[in-house]
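Working notes for the structure below.
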Protein chains: 2
Amino acid sequence: MARRGTGRPTDLELEILKVLWGEGPSTVRAVMKALSKRRRVGYTTVLKMLQIMADKGLVLRDDRQRAHIYRARHSRRTVAGRLANDLLDRVFDGSATQLVLHALSQKKAKPEELAEIRRLLDEIEGGKR
Amino acid sequence: MARRGTGRPTDLELEILKVLWGEGPSTVRAVMKALSKRRRVGYTTVLKMLQIMADKGLVLRDDRQRAHIYRARHSRRTVAGRLANDLLDRVFDGSATQLVLHALSQKKAKPEELAEIRRLLDEIEGGKR
DNA sequence: AGCTGTCAACGAAGGATTTCGTACATTCTC
DNA sequence: GAGAATGTACGAAATCCTTCGTTGACAGCT
């Protein structure tokens, strides 16, 4: 049971997680429908993926109904943080600043976003004083 | 020739790129030596990886000498930015702010780093005024 | 020339990811 | 109840990543 790879969700797994985060607990068909809007994907493929993901512990399955209900095991916040962290370690050697600098210089953030980041900085520094 | 996957370097590919970025153009053996400090890896494995990476266009090969010299095709800055960007699109739906917030809250940044980020923010906002 | 060490090239193998065909069970509808 | 629709489960195939054994070429040395 519980397989192990890199620990990171793969591309398709991430797409599926995003559906579950957005739609909440769903049946295979519901996930498949939502996913079809962005990607051509067959029913059994989604089913198989969800089975594997359940096996890996990425999703939880409620099989009390005939159509099993799947839901993400970890919040979007948790997984996203884990991935950001992972990228941090693998590429930026743990320097959050480097990652932030890249992220900010690549995408043009809106003024409100910049203000939000400033607020976070204040918050972090405030906690230390 | 020129294969295509996700476009992202894999884990081992990234490790190899980091060696090339750090050491500069190197032979297979030199890469293998440097890599051995952090990971158990055989000579032919590194050779094969470099051949594949050259095929993909991740590295460039100079085969004028008997021992071919490999070097990273793109700078660390470029690749890192691309990866941060990719994560942004795949997980944070393009919101740099979200990524920054996660990055900053996961790792505890040093005060100097926070100051550096502030400087960047000033720079970005300054350019608009 | 023969021996030794280093090199590139190739192919194969094992594991992971993704896709889908098929089989079989259950539920719904006529 | 028969047949269609919908569901799970299983297994196989295609591709990619990673690893390594083997082969043949080449260079240096005696």
Side-chain angles (χ1 to χ4, degrees), chain A residues 1-20 25-36 38-71 79 83 86 90, chain B residues 1-20 25-36 38-71 79 83 86 90:
Chain A
M1 322 2 352
R3 313 190 189 181
R4 282 292 85 207
T6 58
R8 273 166 281 159
T10 63
D11 280 355
L12 183 52
E13 286 172 350
L14 196 50
E15 296 261 11
I16 289 175
L17 285 177
K18 281 165 84 169
V19 167
L20 293 177
S26 311
T27 61
V28 174
R29 186 153 303 275
V31 172
M32 190 268 216
K33 284 267 179 63
L35 211 51
S36 295
R38 291 192 275 142
R39 193 198 249 259
R40 200 187 59 71
V41 66
Y43 178 86
T44 52
T45 299
V46 176
L47 170 64
K48 182 67 154 188
M49 287 306 297
L50 281 168
Q51 288 170 343
I52 291 174
M53 288 168 77
D55 198 32
K56 289 182 180 176
L58 289 175
V59 300
L60 299 174
R61 168 169 44 187
D62 176 353
D63 58 358
R64 287 174 299 180
Q65 310 296 328
R66 181 158 99 93
H68 300 177
I69 307 286
Y70 291 86
R71 63 193 172 88
V79 173
L83 284 173
D86 176 75
R90 281 188 306 130
Chain B
M1 16 192 92
R3 312 189 190 181
R4 281 292 84 207
T6 59
R8 271 167 282 156
T10 63
D11 279 356
L12 183 53
E13 285 171 350
L14 198 50
E15 297 262 10
I16 290 174
L17 284 177
K18 283 165 83 168
V19 168
L20 293 178
S26 312
T27 61
V28 174
R29 185 152 305 274
V31 171
M32 190 268 216
K33 282 268 178 64
L35 210 51
S36 294
R38 291 192 276 145
R39 194 199 249 260
R40 201 187 58 72
V41 66
Y43 176 86
T44 52
T45 300
V46 177
L47 170 64
K48 182 69 155 188
M49 288 305 297
L50 281 168
Q51 286 171 345
I52 291 174
M53 289 168 76
D55 199 32
K56 288 181 180 178
L58 289 175
V59 299
L60 300 175
R61 170 170 41 187
D62 175 352
D63 58 358
R64 286 173 300 180
Q65 309 294 328
R66 183 159 99 92
H68 300 178
I69 307 286
Y70 291 87
R71 61 193 174 88
V79 173
L83 285 172
D86 176 74
R90 280 189 306 130

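Letters A, B, ... are given to chains in the order of the sequence lines, protein chains preceding strands, and every chain is numbered from 1. Note that the coordinates shown come from a computational prediction; the quantities given were computed from them, not determined experimentally.
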Rounded off to whole Å, could you give me the [atom1]-to-[atom2] distance for the [X] and [N] pair?
X: R8(B); N: dA16(C); atom1: CZ; atom2: P; result: 18 Å
X: L12(A); N: dT15(D); atom1: CG; atom2: P; result: 18 Å
X: L14(B); N: dC17(D); atom1: CG; atom2: C1'; result: 14 Å
X: Q65(B); N: dC26(D); atom1: CD; atom2: P; result: 15 Å
X: E13(B); N: dT19(D); atom1: CD; atom2: C1'; result: 14 Å
X: M49(B); N: dG11(C); atom1: CE; atom2: P; result: 18 Å
X: I52(B); N: dC20(D); atom1: CD1; atom2: C1'; result: 13 Å
X: L50(A); N: dT19(C); atom1: CG; atom2: P; result: 13 Å

Task: Minimum heavy-atom distance between R71(A) and L20(A), given as atom pair plus value - done: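 Scanning both residues, the minimum pair turns out to be C-CD1, 4.0 Å.
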
Task: Closest contact, heavy atoms only, M49(B) versus L12(B) - done: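 The answer is CG-CD2, 3.5 Å.
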
- [ ] Would you mind classifying the nucleic acid contact of D11(B) as base, sugar-phosphate or nothing, using non-hydrogen atoms under 4.0 angstrom?
- [x]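 It contacts sugar-phosphate atoms only.
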
Open item on the list: Please determine whether side-chain contact (heavy atoms from CB on, under 4.5 Å) holds for the pair Y70(B) and V28(B), giving the CA-CA distance in whole Å, both sets of side-chain angles, and the decisive distance to 0.1 Å.
Closed with: CA-CA 7 Å; Y70(B) 291 87; V28(B) 174; 3.6 Å; yes

Task: Worked check of salt bridge (charged side-chain N to carboxylate O under 4.0 Å, His left out) between K48(B) and D55(B) - done: CA-CA 10 Å; K48(B) 182 69 155 188; D55(B) 199 32; over 6 Å; no

- [ ] Give the nucleotide from the list dC17(D), dT19(D), dT19(C) with an atom nearest to the side chain of T10(B).
- [x]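 Selected nucleotide (nearest to the side chain): dC17(D).
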
Task: Residue-phosphate contact under 4.0 Å: T45(A) side-chain N/O, dT18(C) OP1/OP2 - done: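 No, no such contact exists.
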
Task: R40(A) side-chain N/O to dC20(C) phosphate OP1/OP2 under 4.0 Å - done: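 So the side-chain polar atoms of R40(A) do come within 4.0 Å of the phosphate oxygens OP1 or OP2 of dC20(C), strictly under.
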
TODO: Apply side-chain contact (heavy atoms from CB on, under 4.5 Å) to I69(B) and S26(B), showing your working.
DONE: CA-CA 5 Å; I69(B) 307 286; S26(B) 312; 5.9 Å; no

Task: Pair D86(A)-R8(A), side-chain contact (heavy atoms from CB on, under 4.5 Å): steps then yes or no - done: CA-CA 8 Å; D86(A) 176 75; R8(A) 273 166 281 159; 3.1 Å; yes

Can you give me the N/O atom pairs linking the protein to nucleotides 28-30 of chain C at distances under 3.5 Å, or say none if there are none?
none

TODO: Tell me, with the steps shown, if E13(A) and K56(A) meet salt bridge (charged side-chain N to carboxylate O under 4.0 Å, His left out).
DONE: CA-CA 11 Å; E13(A) 286 172 350; K56(A) 289 182 180 176; 2.5 Å; yes

TODO: May I have the step-by-step check of side-chain contact (heavy atoms from CB on, under 4.5 Å) for V31(A) and E15(A), ending in yes or no?
DONE: CA-CA 10 Å; V31(A) 172; E15(A) 296 261 11; over 6 Å; no

What pairs of nitrogen or oxygen atoms, one from the protein and one from nucleotides 5-13 of chain D, lie under 3.5 Å apart?
| unit_1 | atom_1 | unit_2 | atom_2 | d |
| --- | --- | --- | --- | --- |
| dT6(D) | O2 | R66(A) | NH1 | 3.3 |
| dT6(D) | O2 | R66(A) | NH2 | 2.6 |
| dG7(D) | OP2 | R29(A) | NE | 2.1 |
| dG7(D) | OP2 | R29(A) | NH2 | 2.9 |
| dG7(D) | O4' | R66(A) | NH1 | 3.4 |
| dT8(D) | OP1 | H68(A) | N | 3.1 |
| dT8(D) | OP2 | Y43(A) | OH | 2.5 |
| dA9(D) | OP2 | Q51(A) | NE2 | 3.1 |
| dA9(D) | OP2 | R61(A) | NH1 | 3.1 |
| dG11(D) | N7 | K48(A) | NZ | 3.2 |
| dG11(D) | O6 | K48(A) | NZ | 3.3 |

TODO: Salt-bridge test for R64(A) and D62(A): reply yes if a basic N is under 4.0 Å from a carboxylate O, no otherwise.
DONE: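 Answer for the salt bridge query: yes.
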
